[in-house]
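These notes are about the structure you will find just below.
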2 protein chains.
Amino acid sequence: MNQDEIDYLNKYDSSKYQTPITTVDIAIVTLHEQQLKVMLAKRDKHPFKDAWALPGGFVDVKQDQTLEDTAHRKLFEKTGVKTPYLEQIYTVGNNSRDPRSWSITVVYMALVSADLLNLHAQNASEQIQWFSLNELTQADELAFDHLDIINACKDRLRSKVEYTSLPVHLLAESFTLTELQQAFEIILGTTLEKKSFRRRILDAGILKETGEMKTGNNRPAKLYRYNGNKNNHFFNRNIEGAR
Amino acid sequence: MNQDEIDYLNKYDSSKYQTPITTVDIAIVTLHEQQLKVMLAKRDKHPFKDAWALPGGFVDVKQDQTLEDTAHRKLFEKTGVKTPYLEQIYTVGNNSRDPRSWSITVVYMALVSADLLNLHAQNASEQIQWFSLNELTQADELAFDHLDIINACKDRLRSKVEYTSLPVHLLAESFTLTELQQAFEIILGTTLEKKSFRRRILDAGILKETGEMKTGNNRPAKLYRYNGNKNNHFFNRNIEGAR
DNA sequence: ACAATAGTGTCTATTAGACACTATTTA
DNA sequence: TAAATAGTGTCTAATAGACACTATTGT
């Protein structure tokens, strides 16, 4: 860096340009009672005071080093979960979505196992509630364009389920193949053929048997653990529901 | 909107919060002389003065209604092209990518047919050059994290070619199946089997014969036109090169 | 006729879907 | 032994890959 550039940077004052306000919003999604749920928080400030909105907020330029840090921070504040599956979905920016100003939001989606969340305790609070992803409509009058954003997340979920192993992130650390199949079915909104499903998943080599069994009033089922960290496995052929 | 909210908005001054600076960058990609090329512009200002960078810049809150408007505006300034295939790739934001400040950039990729561009005229200018997408390295010392961004675009291109019809956007309005196959091959970096390729594309029903033929020193080839506007067709099985 | 490229016929290999079957538990 | 769910055997259908073949042009 030469003196010329150093001088330029010393004189640079980013606050003197008119720029959009930039936020990060997160769709925190979980699977509970056979339904996909998304967390919404009641806004305690203008604009859209008292409306339900995705958790989110401004980048804290002191505290956050990256956009992912902002997303992780917000997620931890709301759920206490530190290492979820977190994926950037897209960024919306225009001059009409926020009455204050030209506004940009970077949207993340987090998938969290319900067993890491104390869903009932959180429901007791007035401020946070879990909504069924499929039942949200215009009538719910969400803040900003958050209904559109949630629908975009739902579409992304659905389409990724067709060719990835993404639903594992909605389950507990160990799970049966039937539980995994149900997660796929709930996201896709169809039933899947058992044998094909099991073959697809097992042939992919992405699960490891834990050695434990899940017992009930019937034949016990093998428990598996996902073997691929926070990454998804990509199949090179879509699952049936896609057709 | 009630009086309370109106008062809040009247008093709201977005410039008093410290926020990241936000830009839009575009990877403009074309196919020329059997190679993928990306357009870079030489920076005439600090920071990274005189380094090559992706075209891009700040959202103009007066002129642009949406982020896509900003991308289209930048693209038009550089190429004169108004309606390209334009896709949002992702958004990078952190406190280290720009020496001025915490910085966010929303990255778009545009695919443009080489026959809409006057590549030679542009190469004559000192300010803009087309670089082979596969030959850019650290040694080129691109501005900011633009090499990383370009590599992310390259990865996205490659992976989408495995299951979409995306390469049609790199060709002229009418093209032969052999030209389309070559575009796929260049992006994938492999050769494809002719019969499978043609069957896949024709069975998808995404092309329409123009009725014209392309002639040369050999059997003439049917010319086709893409039948799907700016959307991609999604195949439910990946192409060979994927394995 | 030959070179060059366009375009096809058809066999094989792979894998998803269908569906009936067997296995293992509790009550 | 019945109910319930886990898990398998195996046939069929769909489709991608391989590759040899035919077709049509200019020279």
Legend entry - Rounded interatomic separation in angstrom, taking CZ from B:Phe184 and C1' from D:dA16: 15 Å
Legend entry - Of B:Thr176 and A:Ser196, the one whose closest DNA chain C nucleotide lies more 5': B:Thr176
Inset, instruction - Determine which pairs satisfy side chain to side chain donor-acceptor pair (under 3.5 Å) with at least one residue from residues 198-208 of chain A, sequence neighbours left out, and list them in order. - result: none
Write out a two-atom table: protein N or O, nucleotide N or O from nucleotides 9-13 of chain D, distance below 3.5 Å.
residue: D:dG9; atom: N7; partner: A:Lys195; partner atom: NZ; Å: 2.7

Inset, instruction - Could I get the full list of side-chain hydrogen bond (donor to acceptor under 3.5 Å, both in side chains) partners for B:Arg219, not counting sequence neighbours? - result: none
Legend entry - Where at least one partner belongs to residues 176-201 of chain B, residue pairs that pass ring-ring contact (aromatic ring centres under 6.0 Å, His included), sequence neighbours excluded: B:Phe184-B:Phe197
Legend entry - Distance-minimising heavy-atom pair for A:Ile201 and A:Ile206: O-CG1, 4.0 Å
Legend entry - Rounded interatomic separation in angstrom, taking NZ from A:Lys194 and P from D:dT8: 10 Å
Inset, instruction - May I have the distance from B:Lys222 (atom NZ) to C:dT5 (atom C1'), rounded to whole angstrom? - result: 15 Å
Inset, instruction - Would you please name every residue forming a side-chain contact (heavy atoms from CB on, under 4.5 Å) with A:Ala183, sequence neighbours left out? - result: A:Leu31, A:Pro167, A:Leu171
Polar-atom pairs under 3.5 Å, protein N or O versus N or O of nucleotides 23-27 of chain C: list them with distances, or write none.
residue: C:dA23; atom: O4'; partner: A:Arg219; partner atom: NH1; Å: 3.4
residue: C:dA23; atom: N3; partner: A:Arg219; partner atom: NH1; Å: 2.9
residue: C:dT24; atom: O4'; partner: A:Arg219; partner atom: NE; Å: 3.4
residue: C:dT24; atom: O2; partner: A:Arg219; partner atom: N; Å: 3.4
residue: C:dT26; atom: O3'; partner: A:Asn217; partner atom: OD1; Å: 3.4

Legend entry - Between the first and last five pairs of the helix from C:dA1-D:dT27 to C:dA27-D:dT1, the angle of the axes, rounded to 10 degrees: 10°
Inset, instruction - Take atom NZ of A:Lys214 and atom P of D:dA4, then tell me their distance rounded to the nearest Å. - result: 17 Å
Inset, instruction - Go through the structure and list residues passing side-chain hydrogen bond (donor to acceptor under 3.5 Å, both in side chains) with B:Thr23, not counting sequence neighbours. - result: B:Thr105
Inset, instruction - Tell me, please, which residues at least two apart from B:Arg97 pass salt bridge (Lys or Arg N to Asp or Glu O under 4.0 Å). - result: B:Asp145
Inset, instruction - Give the rounded distance in Å between these two atoms: CZ of B:Arg200 and C1' of D:dA14. - result: 14 Å
Inset, instruction - Nearest whole angstrom, please: distance from the P of C:dT14 to the CG of A:Asn238. - result: 21 Å
Legend entry - Atom-to-atom span, CD1 of B:Ile201 to P of D:dA16 - whole angstrom: 10 Å
Inset, instruction - Using ring pair (Phe, Tyr, Trp, His ring centres under 6.0 Å) as the criterion, list what pairs up with A:Tyr224, not counting sequence neighbours. - result: none
Inset, instruction - Please name the pair of heavy atoms, one in A:Gln181 and one in A:Leu192, separated by the smallest distance, quoted to 0.1 Å. - result: NE2-O, 3.0 Å
Inset, instruction - Quick one: which residue pairs count as a ring-ring contact (aromatic ring centres under 6.0 Å, His included) with a foot in residues 65-89 of chain A, not counting sequence neighbours? - result: A:Tyr85-A:His169
Inset, instruction - State which residues pass ring pair (Phe, Tyr, Trp, His ring centres under 6.0 Å) with A:Tyr90; sequence neighbours excluded, sorted by chain then number. - result: none
Inset, instruction - Whole angstrom is fine here: how far is it from CG in B:Leu180 over to P in C:dA6? - result: 13 Å
